[in-house]
Amino acid sequence: MSDFWLRSLLAVVLGAWLFVAGCDRARGAKAATPPVAPAVVVSQVVQRDAPILREFVARTEAVPTVEIRARVAGVLEQVRFREGSEVKQGQGLFVIQQEEYRAAVQGARAQLAKAQADLTRAHDVSIIDRGRAQLDQAKAELGKTRQDVARYRPLAQEQAIPQQDLDTAISREQAAAANVEAATASLKDTVLNQRTAILLAEAAVEAAKAAVIRADLDLGYTVVEAPISGIISKLAVDRGNEATLLATVSAVDPMFVDFSLTEADYVRVVKRAPWVARGELRRDVPPALELILADGTMSPHKGRYVFVDRAIDVKTGTIHVRAEFANPERTLRPGQFGRVRLVADDVPNAILVPQLAVQELQGAKTVFVVGDGDKVAQRTVALGDVYQDFYIVTAGLKPGERVIVDGIQKARPGMQVKATLKSDAVAPAPPAAAAAPAASPATKANGER
């Protein structure tokens, strides 16, 4: 019995030893197998001219925008347009109650006719003719009395006639002279009165003409016309009511867009487009500003600079800018928010690294560079502005070097990898006159990264 247990114990020990030895051989074989290099995707660092894009929060503004107001009081009778439609300059939009103003026109014309009749009567010279006739008669009477005095005087001296006859003749002469003076004064007064009456009548005619013009204007104002061409708003007052503000109309083609440039970007812009600083509207320069709408789509038409404000706002460090965009489709409306994209600067021979390759480690920007033998090295880089899907590298990389853009989490410094080259398409730079190349999703608002 003891031999049996001894043999069993030896068998167990031998089996355990064989098992341990087999495991050691398996571990040794596994350790001897080299590790598989992880697969990564790399992209080459390229060098080329790169325009620097900036985006700025913007808002559309319709210029001009006119409030349509009634110029005469009255009840609104007719509305001759559809709310929200496009109207043309001079198109009749509203009709205000007209009966009262037609009556005013008739009354003014009647007053004008009366004033013209009074003027005609004032020009009548018959009263002056009567005054002249009375003066001539008085002069003739004076002449006759003087002849009587001249004839009676020598006869009275010779006592051929009584002295009383001479005295009577002298009295008549004096009375006739007084009548001449009175007739002369009366004629002058009549002439002056006629001149005054003519002036007053002429003034009354002019006042009556002005009253007719004013009445005609008031009657014309009862039909309210569109002051400009554009899109009209909803009604501010319903028919049957009396109000001053009726509606608002805004011109929408072109549409103006207001935004603010940072001081640094303003300096960059005027270096590229000096006419902006001079306040010139250059129609000969192709429009180059782009407008990104609220849904992320691009306006189909590019814009140009129209206006730059007088001074930098000291509170915000920005300057107000206005641009215009063609809007023949009428898709842009006043008050819309969007972003204006422009080229603020051009960087010649820029070294470009894909944004996907850049990591941030303890505040430093790093990339994994795949060198000779597909060995990975970690490199700290200094970055500048953004261009499309790339960063502009100011230090740390050279053109032609390969950086990992996919599989970064698999790589470690000093590790060997299996690199596959990715072709990164870089959009061509715009011509010098342009100011807004293709969209860049990495460019953020107000020129901030």
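- Annotation: side chain of Leu235 is not in contact with side chain of Leu246 (no heavy-atom distance under 4.5 Å).
- Considering only heavy atoms from C-beta on, Met255 comes within 4.5 Å of Pro334 through its side chain.
- Here CZ of Arg80 is found 10.0 Å from CD of Gln91. Values are rounded to the nearest 0.5 Å.
- In this structure a side-chain-to-backbone donor-acceptor pair under 3.5 Å is present from Arg304 to Arg282.
- Here salt bridge (charged side-chain N to carboxylate O under 4.0 Å, His left out) pairs that include residues 92-112, with residues two or more places apart or in two chains, are Arg109-Asp216.
- Leu342 has its side chain within reach of Phe259: a pair of non-hydrogen atoms, C-beta onward, lies under 4.5 Å apart.
- In this structure, NZ on Lys410 lies 11.5 Å from CZ on Arg412, to the nearest 0.5 angstrom.
- Enclosure of atom CG in Leu245 by more than 12 non-hydrogen atoms of other residues, nucleotides or ligands within 6.0 angstrom is indicated.
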Inset, instruction - Evaluate salt bridge (Lys or Arg N to Asp or Glu O under 4.0 Å) for Glu77 paired with Arg239, printing each intermediate quantity in order. - result: CA-CA 6 Å; Glu77 286 188 340; Arg239 284 178 292 181; over 6 Å; no
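- Residue Tyr266 comes nearest to Ala277 through the heavy atom pair OH-CB, 3.9 Å, listed as atom of the first residue, atom of the second, then distance.
- A heavy-atom distance below 4.5 Å is not found between the side chains of Ile392 and Ile351.
- Residues Arg402 and Asp374 are in side-chain contact: their nearest non-hydrogen atoms beyond the backbone lie under 4.5 Å apart.
- The backbone N or O of Leu119 sits nowhere less than 3.5 Å from a side-chain atom of Arg121 that would complete a donor-acceptor pair.
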Legend entry - Verdict with supporting geometry, Asp258 and Arg59, salt bridge (Lys or Arg N to Asp or Glu O under 4.0 Å): CA-CA 5 Å; Asp258 293 339; Arg59 186 169 185 173; over 6 Å; no
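- Inter-residue side-chain proximity for Val42 and Val405 is flagged as unmet; no heavy-atom pair is nearer than 4.5 Å.
- Summarising the geometry, atom CZ belonging to Arg268 is positioned 7.0 Å from atom CD1 belonging to Ile52; distances are rounded to the nearest 0.5 Å.
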Please tabulate, for the side chains in residues 201-213, all donor-acceptor contacts under 3.5 angstrom to protein atoms that are two or more places apart in sequence or on a different chain.
none

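- Crowding of Glu263 atom CD: a count of heavy atoms from other residues, nucleotides or ligands under 6.0 Å not exceeding 12.
- A salt bridge is defined here as a Lys NZ or Arg NE, NH1 or NH2 lying under 4.0 Å from an Asp or Glu carboxylate O, and Asp253 with Arg330 meets this definition.
- Closest non-hydrogen pair, Glu324 versus Pro254, comes out as OE1-CG, 3.7 Å.
- Distance alone, capped at 3.5 Å, places no donor-acceptor pair between the Ser186 side chain and the Ala182 backbone.
- Ala37 and Lys418 make their closest contact through CB-N, 4.1 Å (heavy atoms, listed as atom of the first residue, atom of the second, distance).
- For Asp284, the CG atom is densely surrounded, since the number of other residues' heavy atoms within 6.0 Å is greater than 12.
- Although no hydrogens or angles enter the test, the distance criterion places a donor-acceptor pair under 3.5 Å between the side chain of Gln194 and the main chain of Asp124.
- The distance from the OG1 atom of Thr262 to the CD1 atom of Ile319 is 10.5 Å, given to the nearest 0.5 Å.
- Atom CZ of Arg278 sits in a crowded spot, with more than 12 heavy atoms from other residues, nucleotides or ligands closer than 6.0 Å.
- For Gln137, the CD atom counts as loosely surrounded, since its 6.0 Å shell holds 12 or fewer non-hydrogen atoms of other residues, nucleotides or ligands.
- Separating the OG1 atom in Thr244 from the CZ atom in Arg71 is a distance of 12.5 Å, to the nearest 0.5 Å.
- The residues Arg272 and Asp346 are annotated as salt-bridged, a charged nitrogen and a carboxylate oxygen being separated by less than 4.0 angstrom.
- Under the 4.5 Å side-chain criterion, counting only non-hydrogen atoms from C-beta, Val257 is not in contact with Arg322.
- A donor and an acceptor atom, one from each side chain of Glu329 and His301, are located under 3.5 Å apart.
- In terms of modelled atom types and a separation under 3.5 Å, the side chain of Gln359 and the main chain of Thr366 share no donor-acceptor contact.
- A side-chain donor from one of Thr222 and Gln98 sits under 3.5 Å from a side-chain acceptor of the other.
- With ring centers used as reference points, Phe94 lies under 6.0 Å from Phe81.
- A distance of 7.0 Å separates CG in Leu293 from OG1 in Thr331, rounded to the nearest 0.5 Å.
- Remark: the backbone N or O of Asn349 is paired with a side-chain donor or acceptor of Asp49 at under 3.5 angstrom.
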Inset, instruction - Could you check Val249 against Ile228 for side chain to side chain contact (heavy atoms under 4.5 Å, CB included), going step by step and ending with a plain yes or no? - result: CA-CA 7 Å; Val249 62; Ile228 60 172; 3.8 Å; yes
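- The shortest side-chain heavy-atom distance between Val370 and Val417 falls under the 4.5 Å cut-off.
- Lys234 and Glu83 are not joined by a salt bridge, as no carboxylate oxygen comes within less than 4.0 angstrom of a charged side-chain nitrogen.
- Judged by distance alone, the side chains of Thr196 and Asn193 never bring a donor and an acceptor atom under 3.5 Å apart.
- Remark: the backbone N or O of Arg333 is paired with a side-chain donor or acceptor of Thr60 at under 3.5 angstrom.
- Closest approach of Val358 and Leu383 over heavy atoms only: CG1-CD1, 3.8 Å.
- Nearest heavy-atom pair across Lys422 and Val41 is CB-CG1, 3.5 Å.
- Checked by atom type and distance alone, the side chain of Thr248 never pairs as donor or acceptor with a backbone atom of Val66 at under 3.5 Å.
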Inset, instruction - Test Arg132 against Asp136 for salt bridge (Lys or Arg N to Asp or Glu O under 4.0 Å), laying out the working first. - result: CA-CA 6 Å; Arg132 286 174 180 166; Asp136 292 341; over 6 Å; no
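- The two residues Ala215 and Ala108 make their nearest non-hydrogen contact at CB-CB, 4.1 Å.
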Inset, instruction - Give the C-alpha distance, both sets of side-chain angles, the deciding distance and a yes or no for side chain to side chain contact (heavy atoms under 4.5 Å, CB included) between Val347 and Tyr387. - result: CA-CA 10 Å; Val347 180; Tyr387 171 66; over 6 Å; no
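- Electrostatic pairing of Lys114 and Asp118 counts as a salt bridge here, judged by a charged N lying under 4.0 Å from a carboxylate O.
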Inset, instruction - Under the salt bridge (Lys or Arg N to Asp or Glu O under 4.0 Å) rule, what do Arg379 and Glu401 come out as? Steps first, then yes or no, please. - result: CA-CA 11 Å; Arg379 191 89 55 84; Glu401 290 188 304; 3.2 Å; yes
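- For Asn327 (side chain) and Leu332 (main-chain N/O), a donor-acceptor pair under 3.5 Å exists by modelled atom type.
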